[in-house]
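As a basis for the values below, the full set of heavy atoms in this structure was taken, side chains included, without hydrogen atoms, waters or symmetry mates. Numbers restart at 1 for each chain; the letters A, B, ... are given by sequence-line order, proteins then strands.
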Amino acid sequence: MPRITLPDGKVLEFPQAVTGQKIAETIGPGLAKRAIGVKIDGTEILDLARPLANDCTVKIITAKDDDPDALFLLRHSAAHVLAEAVCALYPGTRLAYGPPVDEGFFYDLKTPAPISEADFPAIEAKMQEIIAANRPFLRCEYTPAEGLQRTAGDIYKTDNAERALAKGSSNLSFYVTGTPGQDWEDLCMGPHVPSTGWLKASKVMAVAGAYWHGDQNSDQLTRIYGTCFADEKALKAHLNRLEESKRRNHRKLGKEMDLFHIEEDNPGQVFWHPRGWSIYVALQDYMRQKQRLSGYVEVHTPSVMARSLWETSGHWDKYRENMFTTESEKRDFAIKPMNCPGHLLIFKQGLKSYRDLPMRIAEFGSCCRNEASGALHGIMRVRGFVQDDGHILCTDAQVESEVAGFCRMLTEVYADFGFGIDRIAVKLATRPAQRIGDDATWDRTEKALGDAVVAAGLKYTLSPGEGAFYGPKLEFTLVDAIGRGWQCGTIQLDPNLPGKDRFDATYVAEDGSRKNCVMLHRATLGSLERFIGILIEHFEGKFPLWLAPEQVRMLPISDDQLPYARQIRDRLVAAGMRATIDEKPDMLGAKVREARLARVNYFAVVGGKELEAGAVALQNQAGEKLGTLSVDDFVAKMLTEIAEKRLPASMTGAKG
RNA sequence: GCCGAUGUAGCUCAGUGGUAGAGCAACGCUUUCGUAAAGCGUAGGUCGUGGGUUCGAGUCCCACCAUCGGCUCCA
């Protein structure tokens with residue numbers, strides 16, 4: 001006699017086991033019509049047709065685009081419809097694995113022939129056919145023996161079944177779309193929507209390779225991505241967001257704005273053009289200043305270091321295939337992939353006292369990593385890059401306050417780019433299975449990192465088992481203007497590298513004994529290349545004035561005003577600004593158009609009237625006319641905006 | 001590295017085995033103009049690279065390189 005508690009606290013009693021469908025009908029016919037599943041006790045999602053025998057709380061899930069549970073159900077079910085369509089079109093297809101993911105779902109399949117985008121229309125047509133037939137999703141349960149018999153001969157599904165049983169399932173469930181024994185079925189734990197008719201707003205998105213269980217040495221499968229929403233409107237909005245991402249693509253804007261290029265013969269390394277480099281320099285100057293004010297000392301260490309040093313650090317053993325190596329006079333060298341060994345070598349020069357700690361060492365360290373060719377991605381993922389790297393050498397007791405200090409600096413920095421607290425997601429990666437150090441130390445250090453995050457006014461979520469083998473770490477993800485996440489900052493505790501077996505970085509403690517320090521690896525922006533890529537997409541190329549490659553363009557109306565325009569340009573440049581003149585004989589309309597398309601922040605029109613008055617007529621990139629200003633006021637206005645690092649009104653940090 | 005797709009002028013793109021094209025940009029001349037495109041003209045290409053098939057290849061086949069979307073990895 002189950003007692004069903006509803007979200008509003010109301011309790012329904014039923015004489016025997018009851019389905020979600022029945023509960024929905026009891027509440028009201030309108031709800032029953034829109035119901036697609038139930039959520040039990042706030043955790044487990046079940047089919048509407050599953051009988052509930054025990055007391056529980058039940059949320060009826062309806063097909064809504066703002067409910068993650070509804071999207072989960074719709075997408076999981078849409079994955080089945082996709083797989084069924086592919087099986088129907090390409091006989092011999094074998095199924096591997098088809099879960100919902102963040103933006104939709106995928107299904108990994110082994111197809112008899114390669115699938116390409118050209119196949120999408122046929123697949124979508126078949127899916128719509130299955131959807132139009134509105135066949136029910138029927139759950140069929142079998143004993144383990146019966147179930148394994150049904151998957152016999154199919155290595156992927158047998159493997160899935162065995163895993164399910166190993167995890168403690170007492171039976172194996174299959175889902176049939178339609179009539180058992182007649183229609184398509186798939187081993188699946190569920191849950192699903194009641195019938196295929198709910199899946200009208202589905203779309204096949206992409207095809208890609210994937211490994212069985214993500215294992216490179218295992219079978220290569222075909223992964224087909226799709227998405228599904230509760231209605232067409234949300235699907236359309238999703239497709240628009242993808243278009244928006246394309247419009248903001250840093251490779252496209254980088255070319256359009258003449259910021260950088262990558263040579264085809266030299267993959268993974270960036271050639272920064274003057275305009276791109278000005279952003280780079282502005283960013284680096286900014287971080288240099290921030291770090292100086294946060295008690296860092298800046299250093300510079302060699303790009304190429306001897307094998308023996310990489311052996312001490314452990315990189316020669318563990319990181320070799322990611323390093324570019326070279327040799328000279330029969331000695332091996334490697335281009336540095338990280339800056340930590342160099343910083344430890346600087347620390348080790350001379351005798352350090354506990355009074356010298358914490359020592360915060362920063363470097364804009366130019367690193368090279370031999371990334372797999374397929375991993376390269378514009379300037380976001382390259383083989384040569386510069387990190388705003390830093391290492392804090394300190395005592396155990398100083399870890400928490402150092403991490404808190406870092407978090408404070410990081411939130412200040414991110415806020416200057418428009419990433420307020422609500423746009424920063426923090427993950428605490430905790431002890432992995434393979435690790436060094438005792439549990440008491442892990443307990444203490446994980447807590448220290450977590451407390452430090454909270455002390456900086458941030459919240460965090462746990463990433464269990466994702467820490468390094470030597471210590472826990474924090475990862476900071478920024479949420480950009482269109483809601484995408486980018487992991488940038490990190491701070492990681494490392495007692496290993498400064499330890500006795502590695503660089504043996506010691507200090508003289510209060511009691512005169514020698515003790516090893518611990519080290520915090522940390523970066524705020526991550527790689528400057530990648531961070532600029534993120535900023536290009538975040539700002540859609542419309543940088544705030546302090547970062548912009550071309551802050552002001554003078555637009556003389558005719559050649560008569562050229563000397564005057566040059567005078568103003570020279571004054572702006574002398575004040576440290578990036579200002580140019582459009583000296584072409586074009587008409588003003590054309591000059592304005594070009595300046596706007598080039599994403600110049602401000603353009604100052606000077607014609608006869610302005611020359612006469614010693615003024616400029618100002619307009620900004622957005623096309624707003626800002627009136628006529630005296631040259632003095634104009635320069636002051638620009639310098640103020642730069643000094644304040646002012647952001648566009650739409651980018652001040654709150655989520656849009 | 002693996003799977004799939006793509007690669008034609010500086011850029012965006014057309015070109016289904018028969019003389020390599022357009023728009024924009026560039027350059028020249030004319031125009032000196034008031035807030036998103038003045039007019040006319042000129043030049044620009046070993047069609048990613050290398051092989052092959054063919055009387056003939058941008059187009060068909062093979063290999064390689066790079067890029068894009070994923071996988072793996074990661075800042």
Side-chain angles (χ1 to χ4, degrees), chain A residues 101 106 108 110-111 113-119 205-225 242 246 249 251-252 255-256 258 261-268 319 321-322 337-338 365 367 369-389 475-476 486-490 492 521-531 533-534 555-562 583-598 603-610 617-621 623-626 628:
Chain A
V101 290
F106 65 77
D108 283 350
K110 187 91 181 169
T111 52
I115 301 273
S116 77
E117 278 177 37
D119 299 301
M205 300 300 294
V207 61
Y211 302 109
W212 175 233
H213 292 153
D215 176 2
Q216 272 195 59
N217 302 312
S218 186
D219 290 10
Q220 176 86 43
L221 304 169
T222 300
R223 173 170 296 182
I224 303 180
Y225 282 89
L242 293 180
K246 253 193 211 160
N249 187 302
R251 289 161 292 206
K252 178 172 163 286
K255 191 179 271 183
E256 239 174 75
D258 192 17
H261 84 275
I262 296 174
E263 281 291 317
E264 184 172 327
D265 287 342
N266 196 48
Y319 204 71
E321 62 182 33
N322 274 296
M338 296 178 193
C367 295
R369 295 182 191 172
N370 194 4
E371 302 287 354
S373 58
L376 302 178
H377 179 91
I379 61 171
M380 301 273 205
R381 188 76 186 277
V382 290
R383 289 183 175 150
F385 58 95
V386 172
Q387 288 173 302
D388 63 325
D389 204 4
E475 292 182 333
F476 301 86
W486 304 95
Q487 202 230 298
C488 294
T490 180
Q492 188 164 341
H521 305 257
R522 36 107 298 157
T524 310
L525 307 179
S527 104
L528 297 185
E529 281 74 6
R530 182 172 133 93
F531 196 77
I534 294 166
L555 307 183
I557 286 175
S558 77
D559 289 353
D560 296 342
Q561 297 91 37
L562 266 178
E583 299 204 2
K584 287 198 296 295
D586 292 340
M587 296 201 297
L588 183 59
K591 291 185 183 186
V592 167
R593 178 170 191 271
E594 272 180 37
R596 287 193 66 181
L597 289 175
F603 13 108
V605 175
V606 286
K609 279 182 287 185
E610 286 75 19
L618 201 59
Q619 185 176 162
N620 66 15
Q621 199 281 334
E624 293 159 343
K625 296 179 181 61
L626 304 168
T628 299

Interface polar pairs with nucleotides 35-39 of chain B, N/O, under 3.5 angstrom:
unit_1	atom_1	unit_2	atom_2	d
rU35(B)	O2'	Lys625(A)	NZ	3.0
rU35(B)	O2	Gln619(A)	NE2	2.1
rA36(B)	N7	Arg596(A)	NE	3.2
rA36(B)	N7	Arg596(A)	NH1	2.2
rA36(B)	N6	Arg596(A)	NE	3.2
rA36(B)	N6	Arg596(A)	NH2	2.9
rA37(B)	N7	Arg593(A)	NE	3.3
rA37(B)	N7	Arg593(A)	NH2	3.4
rA37(B)	N6	Arg593(A)	NH2	2.8
rA37(B)	N1	Arg593(A)	NH1	3.4
rA37(B)	N3	Arg593(A)	NH1	3.4

Just the atom pairs and distances: protein N or O near nucleotides 40-46 of chain B's N or O, under 3.5 Å.
none

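Distance NZ (Lys584(A)) to C1' (rA26(B)): 11 Å, rounded to an integer number of Å. Distance CG (Asp559(A)) to P (rU30(B)): 13 Å, rounded to an integer number of Å. For the pair Lys591(A) NZ and rU31(B) C1', the interatomic distance rounds to 13 Å; values are reported in whole Å. Put simply, NZ on Lys609(A) is 16 Å from C1' on rU32(B), counting in whole angstrom units.
In this structure, Leu618(A) CG and Glu624(A) CD are separated by 11.0 Å, a value rounded to the nearest 0.5 Å. Annotation: the span from Phe385(A) atom CZ to Arg369(A) atom CZ amounts to 3.5 Å, rounded to 0.5 Å.
Residues satisfying the salt bridge (charged side-chain N to carboxylate O under 4.0 Å, His left out) criterion with Glu583(A), sequence neighbours excluded, are Arg566(A). With sequence neighbours excluded, the residues satisfying salt bridge (charged side-chain N to carboxylate O under 4.0 Å, His left out) with Arg223(A) are Asp108(A). Residues satisfying the ring pair (Phe, Tyr, Trp, His ring centres under 6.0 Å) criterion with Phe106(A), sequence neighbours excluded, are Tyr225(A). Residues meeting the side-chain hydrogen bond (donor to acceptor under 3.5 Å, both in side chains) test with Ser373(A), sequence neighbours left out: none. Here Lys252(A) pairs with Glu256(A) under the salt bridge (charged side-chain N to carboxylate O under 4.0 Å, His left out) rule; sequence neighbours left out. Applying the side-chain hydrogen bond (donor to acceptor under 3.5 Å, both in side chains) criterion to Asn249(A), with sequence neighbours excluded, gives Arg251(A). For Arg381(A), the salt bridge (charged side-chain N to carboxylate O under 4.0 Å, His left out) partners two or more places apart in sequence, or in a different chain, are Glu371(A). With sequence neighbours excluded, no residue forms a side chain to side chain contact (heavy atoms under 4.5 Å, CB included) with Lys255(A).
Distance check on atom P: rA26(B) versus rU67(B) gives 29 Å, rounded to whole Å. Separation of the C1' atoms belonging to rG17(B) and rG58(B) is 11 Å when rounded to the nearest angstrom. Only the C1' atoms considered, rA25(B) is 40 Å distant from rC2(B), to the nearest whole Å. Remark: the separation of the P atoms in rU6(B) and rA63(B) is 15 Å, to the nearest Å. Using P as the reference atom, rC64(B) and rG69(B) are 23 Å apart when rounded to the nearest Å. Remark: the separation of the C1' atoms in rU16(B) and rA57(B) is 13 Å, to the nearest Å.
Glu321(A) CD: 12 or fewer foreign heavy atoms inside a 6.0 Å radius.
Cys488(A) and Ile534(A) make their closest contact through SG-CD1, 3.6 Å (heavy atoms, listed as atom of the first residue, atom of the second, distance). Here the closest non-hydrogen pair linking Ile557(A) and Gly607(A) is CD1-CA, 3.7 Å.
The strand RNA chain B forms stems, runs of 3 or more Watson-Crick or G-U wobble pairs with distances below 3.5 Å, at B:1-7 with B:65-71, B:10-13 with B:21-24, B:26-30 with B:38-42, B:48-52 with B:60-64.
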Item to check | Stepwise side-chain contact (heavy atoms from CB on, under 4.5 Å) test for His521(A) and Met338(A) | outcome: CA-CA 10 Å; His521(A) 305 257; Met338(A) 296 178 193; over 6 Å; no
Checklist entry - Going 5' to 3' along nucleotides 65-75 of chain B, which nucleotides have protein heavy atoms under 4.0 Å from the base (write B), which only from the sugar-phosphate (write S), and which from neither (write -)? => result BSSSBBBSBBB
